[in-house]
Every structure is written in structure tokens, then in C-alpha cells.
Amino acid sequence: MKKYLPSEIEAKWQKKWVEDSLYRVDFSSAKPKKYILVEFAYPSGDLHMGHWFTFVAGDIYARFCRMLGCEVFLPNGFDAFGLPAENAAITRHIHPKDWTYDNIRRMKQQFETMGVSIDWDKTAVTADAGYYRWNQWIFLKMYEKGIAYRGKAMANWCPKDATVLADENIEDGKCWRCGTEVVKKEVEQWFLKLTAYADRLIWSDPSQADWPKPLRAAQNDWIGKSEGMEIEFRVKSKQSLRSNDLQESRVKVYTVFPETIFGVTYMVLAPEHKLISEIITKEQKSQVDDYIKASQKKSELERKIEEREKTGVFTGAYCINPVNGKKVPIWIADYVISSYGTGAVMGVPGSDHRDFDFAKKYDLEAIRVIGKTPDDQSPVESASDVLEFGWIVNSPQFNGLKTPNPAREKIKDWLTEKGFGQRKTQYHLHDWSISRQRYWGTPIPMIHCDKCGIVPVPEKDLPVELPYEVDYTPQGKPPLATAEEWVNVKCPKCSGPAKRDTETMDGFVDNSWYFYRYLDEYNEKEIFDKKIVKDWLPLEIYIGGAEHTVGHTLYSRFFTKFFHDLGLIDFDEYAKKRVHHGVILGPDGSRMSKSRGNVVNPDEEVKSYGADAIRLYLMFLGPFDIVAPWNPDGVNGAYHFLQRVWGLQDKVTQSVIPAEAGIHINIDSGSKAGMTNVDLRLMHKTIKKVTEDIEQLKFNTAIAALMEWLNHLSRKEKVAREEYKTFLSLLAPFAPHITEELWSLLVTRNSTQNETSSNEQRETSNEQRWSIHQQSWPVFDNKYLEEGEILIPVQINGKVRNILKLKSDILSNRSVVEKMAIEDEKIKKFLEGKSVKKIVYIPNKIISFVVGNN
RNA sequence: GCCGCGGUGGUGGAAUGGUAUACACGUUGGACUUAAAAUCCAAUGGCCUUACGGUCGUGUGGGUUCGACUCCCACUCGCGGCACCA
């Protein structure tokens, strides 16, 4: 027997698999179709353990499905646009495109070393013009439908660079590039109207249980639907700046607690609220201005301060509570968010903790409108007096009603009827701002014409290609604006001089729909072939990171719903099942990072142990979504297991009966040569366990079952061929190289020794199926699982006192079993001098005595 | 604060309400070896016991049950996400 040398066999088989196109998918196959998707990678240049963890799992599942007789599509591509490419370009003077495509080449090679059965013939690289032209096409469609629109939003703005900054590009409230203090500024950007899909994006419970519950909960929270009311208050502002006359305006508040309307003692506006300039009084002006200025800065500088104390300033103006005509002061405070609801809030210190804190600080009145009992009249003096639920009090015709209901609905009806307000549904979800002042992204296919305004690029002119020559380090304008030849175009409408939009799209646009394009990468006529997509989507399973819970996976769902509305597809969710992978930490237990120096490089581990050992180790570590440190000893353990598997080949019986000489695994061929009942039972038990576990992605226990079986096989003198073949087949998805090698050794040996004419034909018909990965998955038979003797524990008052070995044919006979238990020597001892009050016998499981003294 | 997930040996973890700790790592002892590595065999939750065996034991306290890691209630600690959303 040769030594197990992973470095030799792994490269050999990887090459052979590619040569034989073993994993190429046939889209028109009649077999059951399974599209297995693993999140594609950003081409950072190096494959890390995270990629291994995820792709190995996808690969195991894919190989398993193939052996079950399915046509499997396991593609991969690259999420190739993004900031790191631009940063590398700036620091290392390599063009982002060259940097990216070099990395892709290198990472493709690294992927090969994993032994993953990816079909590389069908891929998608988002930085290819052939890909991103469809980003542009989708954008134009969205524009046409009013889903993409130009709007204004507050953004982080660097006044020196004249650019919008992402949150992560702000350090200490200052621009990461030039150190200028960042301000909030209202900037025009392109938006996708995510909110138009808010309701459809909400997970309505039991239907989609194959998406993780935490994800569904988080997405629903993120969407944050609430059903409340908008209530209008009249504003009295005698001494407003604009006029000395009595001025009247109106301000709307949004609340989900309309039942507390009689407890309003003040009103608060967000510092950005438009009405402020209108209602502010002369006396208060300077104070208010100072406050607004301070709060603009504060949102950046003091974001991380844990307990933000509430602050505010009085405007000098008052408004009238419509339900009781009460005059209440209008304040400004930054605890009110301008972008949510109406940017104005009614202050109810008696029933809201935040309002109470604010009222306490500024000495505003707190009225009890919700009581502990229907006649509670206790004052609201401390935080513990604030009640959100209870009974309505001090609210004339509603007193005594229970909250939230029926009080809330009754008051809503009444407010609506009186015309004081109307029902309103609010979402926390915002529309998606996709404009980026960056170079390495999809150009937005819009043209700005002085005469015609914003004009979409005609579909026939797509793609709007990214120009290669630009200055991607400009200050004060987006990089694309420096490519003048590219920027200056004719207006498609009036043919006059016009300029291209110089911003690019958020990378999350690119990856919201890549799995559609995998199916039809080279299609230049349409975004994808509807027939192929109909046949292959939704995804069987989508494996990826939990960090994409409210980003990527939500956006993809949005795109899918949009595609549905365009009539491109007839499904509404793109994946039947979503699974989150685990995270491998450094050996020190903290996140792997270059700066910590705790990065485990997969390439080096492959050199020492081989890909199979790493695959096995990663999957054996624990449940698939585990977060655990890399343990060098653990890899060694996996390697050890493979060596024992390798050593098993010498125990395999050489004599083969003719009927079994083919390489098909057929458990029922009557070839149990050399196998005892115990052997058979364990084999079938293991097939069952491994099959069921892989189906549920419980790889760790599947591997444990194989280990148990190996322990059994290792103790035997000889291992039957049937056992060995079955073992290799079950292990094949996990460790594809070593099993392929051992399989080939077995088949070679077999064919030289046992060639018969009847088998020859079988061999020929299997010529295209030389690989273990093309074999059929072993099938278990329940008849082998039955055991002749079963262990039945005997409990006395809940404690196991003995374990009886009983013949299975008596197990259904209650009285016989009970008698055997009572007569058992050990049990007798425990029952002595006690009275048996009850005997519980659960057939095939346990027998339980309840005894008392005397 | 809110939402979600979790707490089991020295470690990673396993257990449809039915023998808690499968499997692996580590450790200890043994075999092989001049020696080491590798490999193989055995032991391995705590406490008491020479042993047979007993007893305690799945974060804490209670409950349901013949029987609870598993179900229910309360608490506690840890992790993840959201976080002044009215």
C-alpha cells in the first residue's frame, strides 16, 4: 500500500474532473433540477477560510444531490465592483480593472484546490460590461415604472472634497481623505423605491419556514411597519418673524398611540423640520439657531455616546390640541427623527418614557391619561409612574376603556370622524440610495440635458461602458467627471449638448440578481432566457453569511418582486431555503485579521494536510452555523481519520462474486459476502443517518456516523467490498479526492481480476461513469435496521437501575416484559420491601416502576 | 431598551419527553522503537469506594410528567442584530 499523500492525488483528480467536464450542468436535462447557490466572492485577491467554509458546504450538498440522480447547477462568479479596487489603485497605482481581473484569475485557481464541483463554464463577473449593461437595463425599467427616481436625502458631506461619504469613511467626524469636518447636507441622489415593496417584503409567517427565523424577524423589524395616525394641530404664533399678525399654520404628528391624545402637554419638532422658520419667535431665534447648528454636528460626533441625554429648545410658538383646544408649547429636539413619520411628535409625558424624560428636564406638565385601574388618578411624578398600557382616564368620553384595545380603535374612529386626523401606515424602511461618487461601479445610464432635463439613455445604446482612462483620485467631483470625452454626449432627445450622469451604482445593485444571470451569461438580447429561469429558479438552497440579513438578501427579494412585476418570472421569492454559514475565528478566538496576525491561510493548510482534511475538519467542527476558532489539533484529527480510511483498503476482501463485479453499488444484489448481521445493520444505519443529515445540512453528525462505522470496520479482520464501496460513496461528498483515488484503485483491481463477458457490457455502459462522484447514492433498507435484541432500561422512581437485553419478538407483549423486569435479580433488590404503585411500559423504549415505601 | 439565538465534561460538540456526555480533540497509561515522531490498544464528568457499587450532575429557582438538556413560568449570564422610529 502506498502512503496517503494528498498533494499527489488531489491535483491529479482536480485536473481529470475538469478534463472530463464532470460537473458541467445540462440545463435541458430531464432529471430533477437543483440550483445550489453559494454567495459569490469579492475578488480581494486571496481565498480565505470563510470561502472554504461556505463553498465546501455547497459542494457537499451538490455532490450528494448528483449522486441522488439530480441535475445540479453549482456556479460561482465574482462580485467585482467595489471600493477596495479603487483604494488599491490609489495606493499602488494599479488600475482598478487590472487589479480586479488579476485577482479573479488567482482566486479561480485557489478555488480549484478546494475540490469544489463548480461549473465554471457558467459564471458572472459583475464588472464585465456584458453583465452591468443589465444593471443599467434594470435601472431604466425601474425608472420607467417610477421605481427609480431622483430625490433628495440627507447625506454625510465633505465640503472640501465636495463628495458624499459613506458612514465608514468618516473618522472622528472628519473626512477620511482630507480631514475636513463632515456635515449633513441634503444631496440629490438616485433612489430605488424599496418602500413601494415594503408590504410584499414582509414575511408572513408559516409560508417560508425554510428561511431562518432570525432573518425573517430581522427583516420584518427592519421594514418596521406600524399602523398609527397622523393628527393635525393648528399653530398659533403671534410674534412670528414673518409678521406681527396672528399667523396660522398646521403641523402634523404621527403616533401609534392616538389613545393618549388627551395627555399631550407639548409638541416637538425635529431640528430639520420645515415649519421651524415659519413659527419661531424673535426672542427665541438665536437660541433655536444655535441648537440646530449644534445638533447637525452632534449626530456625527456623538453617535456613539451611549446614553444620549435629551436636549431641546423652545420655539416660542404654541399649538392647539384639536381634541380639547388645549394650548401647548412647541419645542425642537433632536430626539425626534426628521426622516420618520412627519418629523413631529406629540409629547405625552404621562404615557411615554422618552417624553417623560424630556418633560422632566424642561419642566413640562405630565398628565395621567392611562391608569393602572379605570379610576387611577395618581399623579405622574417619577419614571415609574409612566404607564403605556392600562385604562383610559382623564379623556372625557373614553374613560374606563382598556388600552390598547378597544380604546385605540375607538379613538382612531372618533378622530377620523371628527376630521382631526387619519389612519396612516408607516415603515422604518427607507428608499434605497444607490448613487456613489466612485469610479469602479456601474455607470448610471442617464443623461443631463440643459434643455430636456434628465433623459434616460435609450436601451439600444446600452451598455454605457465605464471609461478606462479617468483620474480616480479627483477632489471635488466624481472620478467619472474627469473623463470629458465620455461625459459630453448628445442629448438623445434634442441632440443638443448634454452630460452623462457621472455617478455609479451601489455594488448591492450588482449582486441583487447575479444568480439569474448565471443561467444565461452570454445572452445579449435579454437579461435572461425566461424558459431556463423558469426551469431552474427558485434556488434549491442559498448559502451565505448572516451579515447579509437586512442588506443583500432583502435587496434580492426586492429585485425578484420587481422582475415578477415586469412579467419576467412567475415566482415571488428567489430561494426556497436560505442557510447561514458559520465563522471561523483565528486560533486565538478573535476574528481573523491581518493586523492581529491570526489569519490561517488555507493554501498553507492544504499543503500540510490536503483539501480533504480541511473540508472534513470545517464540516465536523459543529453545526453549520457555528462560530468557532480554528484549532490546529482538530485538522490533525480529520487528517488522521482520512489516513485510517486510506489504510482500510488492505482489509477489503479480494474475492468478488461475479454478480457484483460492476461498479454500480447495489445493496440488494445478494452480495453480503463476509458480512454479519451486525455489519449489515450498521451499514444501513449509517446510510440512513448520513443521508438524512446531509439533507438537513447536519454535516457534523453525518461525519460522526461515518467515524463510528469506520471504528467498527477497523476492528474487523476483513472488510467486504460492499461495505467498502458504500463507505467510500457516503464519504465522497465530504472528501472527494481520497474517495476518488480509493475508488479507482478498487475498480482497477476488480477489472483485472474479474472480467466476465456479462460484466464487460456493464463496464462499457459505465464508461462515462468512471468517477465515484457519478455513482448512485447508497440506499438503505429498513429490514436490516431491525435488531434481534433490544436494550430496555428499567427505571425505578425515575432512576435507571438496570438495562435488560430483550428479544425483539417479545417486546410487544407488555405482561411478559413487565414480568421479566420484576424478576430481574437487580431490580428485585430495589423493589424489596416497597410497594409497586404503577408500571409504565413504553414498548421498545423503557419500563418505569413507581414505588412507595411500606 | 426592543427583537432573535444560546448556556451540556479539560475543549469543539451529540442527544423524535425515554440509558445525558455519541463523534472528535486533549490528557494519562500501555504496545511497537536504540530513541522520537507516526501508528495501534486501553482509560478518561465530579465525589465516595480496594472492588461490587453508590451518589451528584446539562446556567439558577420553581412547575408539568412514571420520566425533563428537551415542555411551561420566573430569573441570570453570554452572543448577534436593531436602537430616541413617537
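Just so we're on the same page: letters track the sequence lines, and every chain starts at 1. Not measured: the values here are computed from a predicted model.
The residue A/V794 sits apart from the nucleic acid: no heavy atom pair falls under 4.0 Å. Contact annotation for A/Q643: backbone-only contact, meaning every heavy-atom pair under 4.0 Å involves sugar-phosphate atoms and none involves a base. A/H353 comes within 4.0 angstrom of no nucleic acid atom, judged by non-hydrogen atoms across all strands. Using a 4.0 Å heavy-atom criterion, one finds that A/D633 contacts the sugar-phosphate atoms exclusively. Using a 4.0 Å heavy-atom cutoff across all strands shown, A/F699 reaches no nucleic acid atom at all. Nucleic acid contact class of A/G224 (heavy atoms, under 4.0 Å, all strands): none. Residue A/L791 is in base contact, counting any heavy-atom pair closer than 4.0 Å across all strands shown. Using a 4.0 Å heavy-atom cutoff across all strands shown, A/P623 reaches sugar-phosphate atoms only and no base atom.
Of the candidate nucleotides B/G12, B/A24, B/C84, B/A24 has the atom nearest to the side chain of A/M707. Of the candidate nucleotides B/A86, B/U19, B/C84, B/A86 has the atom nearest to the side chain of A/S226. Checked against B/G4, B/C40, B/C25, the side chain of A/N631 finds its nearest nucleotide in B/C25.
Atom pair A/N220:CG and B/C82:C1' shows a separation of 13 Å (rounding to whole Å applied). Atom CZ in A/R644 sits roughly 12 Å away from atom C1' in B/C41 (whole-Å rounding). Look at CD on A/Q219: it is 15 Å from P on B/G4, rounded to the nearest Å. Counting to the nearest Å, the P atom of B/A83 and the CG atom of A/D357 are 20 Å from each other. In this structure, A/L269 atom CG and B/A86 atom P are separated by 18 Å, rounded to whole Å. Across the protein-nucleic acid pair, A/L642 atom CG and B/A24 atom C1' stand 13 Å apart, rounded to whole Å. Between A/L811 atom CG and B/G18 atom P there is a gap of 17 Å when expressed in whole angstrom units. For A/F233 and B/A86, the CZ to C1' distance is 12 Å, given to the nearest whole Å.
Using a 4.5 Å heavy-atom cutoff, the side chains of A/T686 and A/F780 are not in contact.
OP1 or OP2 of B/A15 has at least one side-chain nitrogen or oxygen of A/K698 nearer than 4.0 Å. A/R801 has a side-chain polar atom (N or O) that falls below the 4.0 Å cut-off from OP1 or OP2 of B/U55. Note on A/Y340: a side-chain N or O is less than 4.0 Å away from OP1 or OP2 of B/A86. For the OP1/OP2 pair of B/A38 and a distance below 4.0 Å, the side-chain nitrogens and oxygens of A/H640 include no atom meeting the criterion. An OP1 or OP2 oxygen of B/C56 is reached within less than 4.0 angstrom by a side-chain nitrogen or oxygen of A/K799. Between B/A14 and A/N700, a contact under 4.0 Å exists linking OP1 or OP2 to a side-chain N or O. Between A/N711 and B/A24 there is a side-chain polar atom (N or O) within less than 4.0 angstrom of OP1 or OP2.
Going from the C1' atom of B/A31 to that of B/A51 covers 27 Å, rounded to whole Å. Spacing of C1' atoms, B/A15 relative to B/C69, comes out at 8 Å, to the nearest Å. Only the C1' atoms considered, B/U76 is 25 Å distant from B/G10, to the nearest whole Å. A distance of about 11 Å separates the C1' atoms of B/G63 and B/A68, rounded to the whole Å. Distance check on atom P: B/U39 versus B/G57 gives 40 Å, rounded to whole Å. Spacing of C1' atoms, B/G78 relative to B/C48, comes out at 35 Å, to the nearest Å. Taking the C1' atom of each, B/C72 and B/U64 are spaced 7 Å apart, rounded to whole Å. Annotation: B/C25 and B/C41 have their P atoms spaced 12 Å apart (nearest Å).
Pair check for B/A24 finds B/U11; Watson-Crick or G-U wobble, both atom distances under 3.5 Å. Both distances falling under 3.5 Å, in either a Watson-Crick or a G-U wobble arrangement, place B/G6 opposite B/C77. B/U58 is unpaired under the criterion used here, namely a Watson-Crick or G-U wobble arrangement in which both key atom distances are under 3.5 Å. As the counterpart of B/C82, B/G1 is assigned, both hydrogen-bonding distances of the Watson-Crick or G-U wobble pattern falling under 3.5 Å.
Crowding of A/E717 atom CD: a count of heavy atoms from other residues, nucleotides or ligands under 6.0 Å not exceeding 12. Within a 6.0 Å radius of NZ in A/K361, other residues, nucleotides and ligands contribute more than 12 heavy atoms. Counting heavy-atom neighbours within 6.0 Å of A/K225 NZ, excluding the residue itself, gives a total above 12. Atom CZ of A/R591 sits in a sparse spot, with 12 or fewer heavy atoms from other residues, nucleotides or ligands closer than 6.0 Å. The number of heavy atoms from other shown groups lying within 6.0 Å of NZ (A/K688) does not exceed 12.
Taking the six-membered ring for Trp and thresholds of 30 and 60 degrees, A/H548 and A/F508 have ring planes more than 60 degrees apart, a perpendicular arrangement. Taking the six-membered ring where tryptophan is involved, the planes of A/W203 and A/W211 are tilted, since the angle between them lies from 30° to 60°. A perpendicular orientation is assigned to the rings of A/F734 and A/F699, their planes being inclined by more than 60° (bins at 30° and 60°). Below 30°, between 30° and 60°, or above 60°: for A/F727 and A/F641 the angle between ring planes is between 30° and 60°, a tilted geometry.
In this structure, the side chain of A/Y254 engages the main chain of A/G228 through a donor-acceptor pair within 3.5 Å.
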Between protein and nucleotides 60-69 of chain B, what N or O pairs are separated by less than 3.5 Å?
from: B/C66; atom 1: OP1; to: A/K838; atom 2: NZ; distance (Å): 3.1
from: B/C66; atom 1: O2; to: A/S848; atom 2: OG; distance (Å): 2.7

Tabulate atom names and distances for all N/O pairs under 3.5 angstrom spanning the protein and nucleotides 42-48 of chain B.
none

Residue pair A/K716, A/E723: steps toward the salt bridge (charged side-chain N to carboxylate O under 4.0 Å, His left out) verdict: CA-CA 12 Å; A/K716 302 211 301 174; A/E723 283 178 302; 2.8 Å; yes

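Annotated as syn: B/G9, whose glycosidic dihedral is within 90° of 0.
Checked against the 6.0 Å centroid criterion, the rings of A/Y266 and A/F358 qualify as a close aromatic pair.
Between A/S714 and A/K829, the residue whose closest nucleotide on RNA chain B is further toward the 5' end is A/S714. Projected onto RNA chain B by closest heavy-atom contact, A/H430 and A/G622 fall at different nucleotides, the more 5' of which corresponds to A/G622.
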